[in-house]
Every structure is written in structure tokens, then in C-alpha cells.
Amino acid sequence: MDIETFTNHITNLGKQDFNILCELVLKDVLGLNAFNVDGKSDGGTDFMVLDERGERNSCAYQVTTQRTDIEKKAYGDAKKAIEKLGVNQFFFLPTYNLNEVETRKLERTISDDLGLRATVYSPKVMAEFVIEHKLVRTFLQLTGMEDGVKQSKDSIDYLEMALHTYTFLSSDARNLKSQIYDDTMLYILSNTDFGKTREDLIGETKDLLKLSETKAALLNGRIDALMQKGHIKKADNGNMVLSSSMAEDITLRKNLYNTEQSTFYSAQMDLLEDYGVRWDENDSKQSSVWLANAIIDQQISGLASAGARISNPLFKNTRKHGLDKLRTYLSTKKKVDTATLEEVLKKMVAMASRHPLVVKVVRASVYIALEGAKPLAAAKSLGVSSWEDVNMLIEPTVGIPHICSLQYRGSVNPYFDSAIQAVKRAKELGITMLIPYNYIKECAGHLLNARKYDGLDLDQGEMQHSKNAFVANYYALMRQKVPMPSSFLDYLATFSPAIKTEHSDFKEWVRDVTTDIQSILIQSGIEYLEVPRYKDEEIDEIHRLYIEYLSDYHNKPHHLIVNDVLALKCTNDRIIKNGEHWILLTYDNSLIRVSAESFNNVWINNPYVFLDMTELTSDLPETQFCSLVHSLAQYSEHTLSIGARIIDRIVYYASENMQEWQFKQELNDLKKELIKNSANSKDMNYIDFKTDEFLKKHGINVNDDDDSQADIQNDSIL
């Protein structure tokens, strides 16, 4: 049994089973005589330690299955243990995986402040104790999980096999490619009573992993390695069979899998009961395959966009449309009402994206797709030994949500929130974040343009999806009743006091606001990037290719295209000349599309893909895949986004007309018509086209390339 597999199981135990595990560790591993008093008279602790005569020892311990405020709870429980029990030693045992720094810090705080010898054991430590002392089977017996392993031999689909027999992949493995090959062969042998000849074992492994004939010699060597480790042996009939110890280990793993599958099914059944949907184990198994496939496709696509070589034939034709298949299944087989279908699907996706059963098979599948190479080593822009060697360029569609988060707290919309999380993640990983002057100026322009919304009567739910992130932040927080300044203009002034004093010289006004925005960014840890003054001929090729690529997209002003060209030229030069590694984080779809062009060496993508990429190397229990969750959120909230898009464009060109009742009435009619006709379309260019027609009808000039506006007008999904 590997440590990661068992740790993963522990983090999802209920309190009763976790109590059993704690008793097992304290008594059979540490030699402490634990007695469960069930928290009835222990001053808040769930257990206390008694000696063999039933007398109270000066040692107590507390368990918790909660996931938040872990440090606060541990400190409070330790204090109660002193006051009510008079102990001098305290064990705190959470099901949440604290990292080494957090663990030592918590122990030191309790010990220094309370004068109490404190020990904190994370699930990983508990798993190490149980595995090292060969107590896994004992634990499964005590919790009633030893029986009931169901063997399935009729499936020939490896992804489904991996999902429904529990992957054996462990982060402790040093050679992930060999580990995949080894685990596949162990899986094959676990499903036969008489073993396999060496040739048959190699052949079936190639078939399952869709490997070429050239891998036969490598697989033959892996069989020898497994024999040397004592994992397999040659039976009397000459076939390869599992050793007794490995056979028992696989049985224990499958028992743990059964529990994971059971909790997944139970959670789904509980969710769908609220919608009057009958759900059985077969439904759960089928849906989990579709959900896993959908998430896998997202991860493989994200890695491919970063330059990772997806060479394994198994993923050459990745089965897509898993989400569409689940949507069809729910509507046709389970008769889920159309009005609630997307809501049900959204909740199922959110549940699957963080459930260990699905998360682990997704991670395993990504490693398989990369033939065992870690994603960071395979991605061209992330081929570094440490995240600290990576530079990240922050584009305004990500930078503005970050600026807002420094002043105000609250959830806005999926795009906004993920931008904030991505910047926070980059900071935690030690990535150097930078922003050039032109992008800072765009942020300032966005703030200035937000001024046009002052005094307008707008729908808060709609406008929290505004493309102007300052506006989206304000209306979202207003809906949540977060304390805010007395007026919208006062809110904007918290980012730049200069916003209140209108200048006759617009460019001078932009410079004043830009200075304030730059100060906020630098103080938050985002450095200033000096971009060289390039001659026209130096950027001509990139500029020409960018214009050609965006020929079908007419709503991005030329001066904003130039800003992107300068950013691409600068980062590309530093990659080529200095051997640096660069990421450009943006929600601008046009800029992301351009990243596929040959002139570009920087990895350009959105925060969802970045968060998924970094989570592929984080601890399993903490992992949640973002990209699929937010793809669905984009689908579900598209109607509100259309309304916000129309209002944004109207305000950009005709904010003064918004006060006229007839204009407002006609505008509402336009919104209703476009929402009705475009609710299932993700092409915002059509929305812009029809909105511009409306503006021209009212005699309003539409010129996207008006540099005096100093605003972001692009094909952004924010």
C-alpha cells in the first residue's frame, strides 16, 4: 500500500472511522492506552488517555474532520485540555493535510503560548504509521471494509479500468513512466487466477495502454524489475503471477476504492434526490466516466497549449463531449426538467472536480498521456526545476481583479475570482510577476471608463458580469451587502483619488490615474517591466501576423493590439536571448488565440488552465480542477453576460443617453431580443454588431479605435 493512496482515503473518512484510526495509531503504534469518552465530560476533547488502571494520564488528544480554521480549533482545544483536564501533553489529529511548515508552526505556537507539549499528526503521517506497522488490514477490519471486493473482467477500456479499479499511481514513485507500466501489469495479473505468460502479459499491457511494438523490450525489462522487487513471481505452470504480499496489497487497495466509489455514489444520489431523480450505482459509474473524460480532455488541452508533447496514442483521439453525453443522459434517460438541467449539471461537475476518485484518475491519465513525464517538465514554458524560475506577465483582464481584491473582499463572478486566485497562487509558488507601462495604462483607462457608470440605474445581477472589472466588482459586492463607500464615484476614488478631478487634458488625466494604479500594483508585489523602444521594423512581423490572425475580429482597437505586440516582442526576446521562461496570464481570447502562432514562445493562457496546471503537482486532497467547472459556469451564466455586454458597449459610447426614458425602453427591448436569439451562442461579435446598429440608429458614432477613451475593448471573456 503506497502512502498517497492511503492518505487520500484518510482525508475523506467520517468522524467515526477516523476515531478508529486514531485509536489504532495511539495504542498500537505509540503504545498509549486510549479511551473514548465521546466528548461528554472532557471539556471539549473527544478522547482522553487513561492508564491500565483507568486513571487519567497527563496526555489528551483531539480529532477533527473540519476543513477550515484548523489552527484556531487546535489552539482552542489545547487550551481546554489544560483548563479542564490538567494535561501536559496534547495530540491534535485532523483529516486535513497540513503542510510541514503549518504543522511545525502550530506545534510551536501551542507549546510556547500554553506551556503544553503539542504534537500535530497530518493524515500523511498517520498513513505512514499504519503502513509501516502493517496495520492496514486491521484498520479495514475494524471499519468493516475488508470484504466486498468486486472483480470486473469484462471491460477493455483502460480509462474506465483506471477509474473503477483505483489507480495505483503514487507521487512517491520516482519514475512515473515505469510506474504506469508496472501498475498496468499488476492490474492485469490481479484479474486472473492462473497468471499470464510473459508474452501475453506484454501483449495485454501494450493493448491497454495502446503502446507500439517498440515498447515490448521495455515492458520485458519491467517484468524482470517486478520480479526482483518481489511483486510478481513465476508459478509452477511457468506463468507470471502476483506474489502473496502484492496480491494482498492490491486487495486492500481495491477495498479502499470500493469505499471511494460508495461515497461518490452516495453524494450523487443525495444531490439528485433534491430534484426527484432516481439514481443507482450503474448511473454513478457511467456518469463518473463521462465526468472524468470531460476533465481529462480539459487538462490534456491545457497541457498541449503550454507545449507539452502528448505522444501517448491513447490520447491521440481523446474521447470528448463527456459533458454533452451526461447532459443528454440526464435529460432523456432521467427526465431532468430543462429548467433545472444546467443547475444539476453544474453541481455534479463541481462535486466531481474535487472528489478524490475523479481527481486521482484525472491526474493518473495526464501522466499516462505524457508517458510518465511530469507536466512541468514537458511544457516548453515551464521546463524548469522550480516555479521560482518562471516569470509571469500580468495582462489587464487579470490585473484589474487583483487590484480590486486588494481593497475589497467578496466573490464577484467565476472569471474575476479565478484571476485573483491565480495571482495568489503565483505568489505562493514564488513566480516573479511583472506588468509593463502600457498594460498599467489600460488598467487606468478601465477605471476612467468606469466613471461613466456613475449615477446610472442598472441591474446589479447583470452588471456583476460587466466586462469592466471595476464595475463588476462594485455591483457584485453591493448585491452581497459588503460595506462600500457612499457613492460609486467614491468607490472608484479608493483606487485613484485623481478619478474625482476631471482634467481638461485627457491624456494628463490618464497619466495621473496610471501613476496611482502603478503604485498599487508595485506595493502588491507585481514588478514593473521595462519594455524597450522598438523601431517599427522590429515589431513589423509580429504586428502583421497578429493583424492577419485577428482579421475576423473587428472589435479590438489598434492601439490595444500594439500593446499586445510589444508585450509579445519583449517576452519573446527575453526567452530567446536570455533563456528565460515566461507565462502571459490573460482572459483576452484574441491574445490566447495568437499564442498558437510560430513567432510566439511565451505560454499564453487563462487563469483556469494555470490553476489546473499548478494543481497537477499539489497534494491530492487539496486539488480541484477549475477549467471544467468554469466552462460550465460560462455556459450557465451566458444570458447575464449578454446583457452586461450590451450595457457595457452602450455606456462606452452613449452613457449620457442612458438617462433618457425612451432610449432606455428601446435598449431594454434590444436586450430581450438579443438574449432570446443568442442565449446559446458564445459569439459576442454578433452582440456587438447588433448593439452598434442600435447606436447608429440613434445617431451615435461608433469608433473602437478612439485612443482618447483609453479603455479595454477586446474579445475578452471577462
Has the side chain of S331 got a donor or acceptor atom that lies under 3.5 Å from a matching backbone atom of T328?
yes
Q16 atom CD, neighbour heavy-atom count above 12 within 6.0 Å:
no
Which residues pass the side chain to side chain donor-acceptor pair (under 3.5 Å) test with T205, sequence neighbours left out?
none
The criterion is side-chain contact (heavy atoms from CB on, under 4.5 Å); which residues satisfy it with E213, sequence neighbours excluded?
K206, A216
Do F416 and Y587 make the cut of ring centroids closer than 6.0 angstrom?
no
Can you check salt bridge (charged side-chain N to carboxylate O under 4.0 Å, His left out) on D283 and K334, steps first, answer last?
CA-CA 10 Å; D283 295 327; K334 295 300 177 180; 2.8 Å; yes
Is there a side chain to side chain contact (heavy atoms under 4.5 Å, CB included) between I232 and M246 once you walk through the steps?
CA-CA 7 Å; I232 65 176; M246 180 52 63; 5.8 Å; no
Quick check: does any side chain N or O of Q464 sit under 3.5 Å from a backbone N or O of V412, one acting as donor and the other as acceptor?
yes
Give the ring-plane orientation class for Y329 versus W279, where under 30° counts as parallel, over 60° as perpendicular and anything between as tilted.
perpendicular
Do Y275 and E343 get their side chains close enough for a donor-acceptor pair, meaning under 3.5 Å?
yes
Donor-acceptor side-chain pairing of S287 and Q268 below 3.5 angstrom
yes
Check: T143/D17 side-chain N/O donor and acceptor closer than 3.5 Å:
no
Return the set of residues passing side-chain contact (heavy atoms from CB on, under 4.5 Å) with A422 (not counting sequence neighbours), or none when no residue passes.
L585, P607, F610, L611
